[in-house]
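Atoms within each ligand, like the ligands themselves, are counted from 1 in listed order. Just so you know, residue 1 is the first one in the sequence shown, and it goes up from there. On a predicted model such as this, the values are computed, not experimentally measured, just so you know.
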Amino acid sequence: MHINSNYQNISETYLFSEIAARVKRYQEENPDAKIIKMGIGDVTRPLCSAAVEALKKAADEMGTKEGFKGYGPEQGYDFLKSALASYYQKTSAVELQLDEIFVSDGAKSDIGNILDIFSNDNVIAVTDPVYPVYVDTNVMAGRKITYIPANKDNGFLPMPTEGFEADIIYLCSPNNPTGAAYTKDQLKVWVDYANSHDAVILFDSAYEAFVTDPKVPRSIYAVEGARTCAIEFCSFSKTAGFTGTRCGYTIVPNDLIREGVKLQKMWLRRQTTKFNGVSYPVQCAAAACLSKEGLEQIRANLEYYKYNADVMTSTFNELGWPYYGGTNSPYIWVKCPDNMSSWEFFDALLGKANVVGTPGEGFGKSGEGYLRLTSFNTHGNTMEAMRRIKEVFK
Ligand code: PLP
């Protein structure tokens, strides 16, 4: 018996536990401090009423002899896949066939599971700073990882440089943690690289619904050539507040072929073997979010977060603090003032303004000197946090 020794190589995820420990210590020493948490990547607005009604209706259906449903199709019901195909049509002018859409319980699972269809000897490229799931899932399988530095010189949007070699490339746009978002022209360079090197892009579009700039694609398939090199992961988590309801989707185009094999067929085989689908009520709720009424309701929630992001970016403009994100993203990646390190600024912000952020260094070496703040708070808390920051740091 041997365990998977690669697990010994996964670095301890101390980031959020260290944040929690420092906040707890500070609160114990300062019991009257009203701490505002601006570091968490979870949404706070409740589910829209279209989703709630659909959940209730589906639950009622499941309680009747006629409406009861057992196992559904592993890759999702056609009603949801059709709704998603129309959504892609509407938001990105992208045409998808229904068998290219795979519904799941969220993007995180699919991002980890997709590795089943790739050999372990592939060279993996991730940007640094990075959403840690891309790294840890590969380390678990013993794969080699190349880090592409994202920094102020490339606007936190790294491009393939001379001599760059990778088989599988993770791109997340709009990005977590930096909030930076690739334009269509920039993504085209990555797509051309992947097609000419037989590489595959794993494109994470979890934050597509926050895009407002028409130059920034909401799907990689809006870029010519992406159908032959990219798999896209997306989710209702941030779009519709489904972080606790759980529904995501992955697109594997029929034109994506490597070593003579259709990756769509491999992923279908993987999913039908290891996954039994998302619950019927949750798929009904997800489809309801894509109805005319649902889209209006989720838009109102997205506008709520956008208002917060605007309050935050105008504060940083006033203070003259450089930042990324905030326009096409719920994340704002702030340069720490006075050349403070990420953790120094974290402590200063907590101690002087009672505001909690996430130190950028926790997302990778290139995140040092930055702090991630999110717009997922209430208007009241966001405005109060910014008022305190202005007062302390102006
Ligand atoms: N991808 C990115 C970049 C994320 O930030 C997150 C969640 O924070 C996910 C994927 C996970 O999404 P889901 O809730 O659908 O698993």
Side-chain angles (χ1 to χ4, degrees), residues 13 15-16 19 37-45 47 51 76 80 84 87 101-115 126-138 150 156-157 169-182 201-211 216-220 230-251 271 275 277-279 282-283 285-286 289-290 298 301-302 305 309 324-326 328-333 357-358 360 362-364 367 372-377:
T13 47
L15 177 63
F16 289 99
I19 291 172
K37 293 183 180 164
M38 306 283 286
I40 310 284
D42 199 356
V43 292
T44 52
R45 305 290 299 156
L47 288 182
L80 177 53
L84 282 165
Y87 180 71
I101 304 172
F102 296 80
V103 175
S104 73
D105 65 342
K108 192 183 196 175
S109 328
D110 284 359
I111 288 165
N113 294 335
I114 197 75
L115 295 175
V126 300
T127 58
D128 166 23
V130 64
Y131 176 53
V133 175
Y134 310 153
V135 173
D136 291 350
T137 50
N138 279 290
F156 284 91
L157 293 168
I169 302 154
Y170 286 82
L171 296 178
C172 176
S173 177
N175 190 270
N176 179 11
T178 69
Y182 283 111
I201 294 173
L202 301 181
F203 189 75
D204 187 340
S205 62
Y207 298 94
E208 59 83 20
F210 292 84
V211 170
V216 171
R218 292 174 63 167
S219 162
I220 195 162
I231 295 175
E232 181 161 295
F233 304 89
C234 199
S235 169
F236 288 90
S237 280
K238 308 298 160 89
T239 306
F242 269 46
T243 50
T245 307
R246 310 303 306 145
C247 194
Y249 45 95
T250 290
I251 313 296
Q271 287 299 77
F275 182 61
V278 177
S279 79
V282 166
Q283 292 193 58
C289 292
L290 302 179
I298 60 176
N301 281 344
L302 293 165
Y305 298 132
Y324 298 82
N328 298 301
S329 166
Y331 295 117
I332 298 163
W333 184 249
T358 309
F363 297 98
R372 189 191 77 172
L373 295 170
T374 87
S375 62
F376 291 134
N377 215 316

Practice task
Please identify which atoms of ligand 1 are closer than 4.0 Å to at least one heavy atom of Ser235.
Solution key: 13 (P), 15 (O)

Practice task
Could you say whether the N/O atoms of Tyr331 and ligand 1 ever approach to under 3.5 Å?
Solution key: no

Handout entry: Option of least heavy-atom distance to atom 14 (O) of ligand 1 (set: Cys247, Ser237, Pro330)
Key = Ser237

Handout entry: is_close_aromatic(Phe102, Tyr249), centroid dist under 6.0 Å
Key = no

Handout entry: Closest to atom 4 (C) of ligand 1 among Phe242, Tyr134, Tyr207 (heavy-atom distance)
Key = Tyr207

Completion exercise
Check: of Asp110, Asp204, Val133, min heavy-atom distance to atom 2 (C) of ligand 1 comes from Asp204

Handout entry: Close N or O approach (Thr243, ligand 1; < 3.5 Å)
Key = no

Fill in the blank from the handout: min-distance protein heavy atom vs atom 7 (C) of ligand 1 -> Lys238 NZ, 3.3 Å

Handout entry: Modelled atom types, side-chain donor and acceptor of Asn113 and Ser109, under 3.5 Å
Key = no

Exercise for the section: Identify the protein heavy atom lying closest to atom 6 (C) of ligand 1, giving its residue, its atom name and the separation to 0.1 Å. Expected result: Tyr131 OH, 3.3 Å

Exercise for the section: Could you say whether the N/O atoms of Gly106 and ligand 1 ever approach to under 3.5 Å? Expected result: no

Handout entry: Proximity of Cys172 to ligand 1 by residue part, where a heavy atom lies under 4.0 Å
Key = side chain

Exercise for the section: Report the C-alpha separation of Phe376 and Tyr305 in whole Å, then their side-chain angles, then the decisive distance to 0.1 Å, and conclude whether the ring-ring contact (aromatic ring centres under 6.0 Å, His included) test is met. Expected result: CA-CA 6 Å; Phe376 291 134; Tyr305 298 132; 4.9 Å; yes

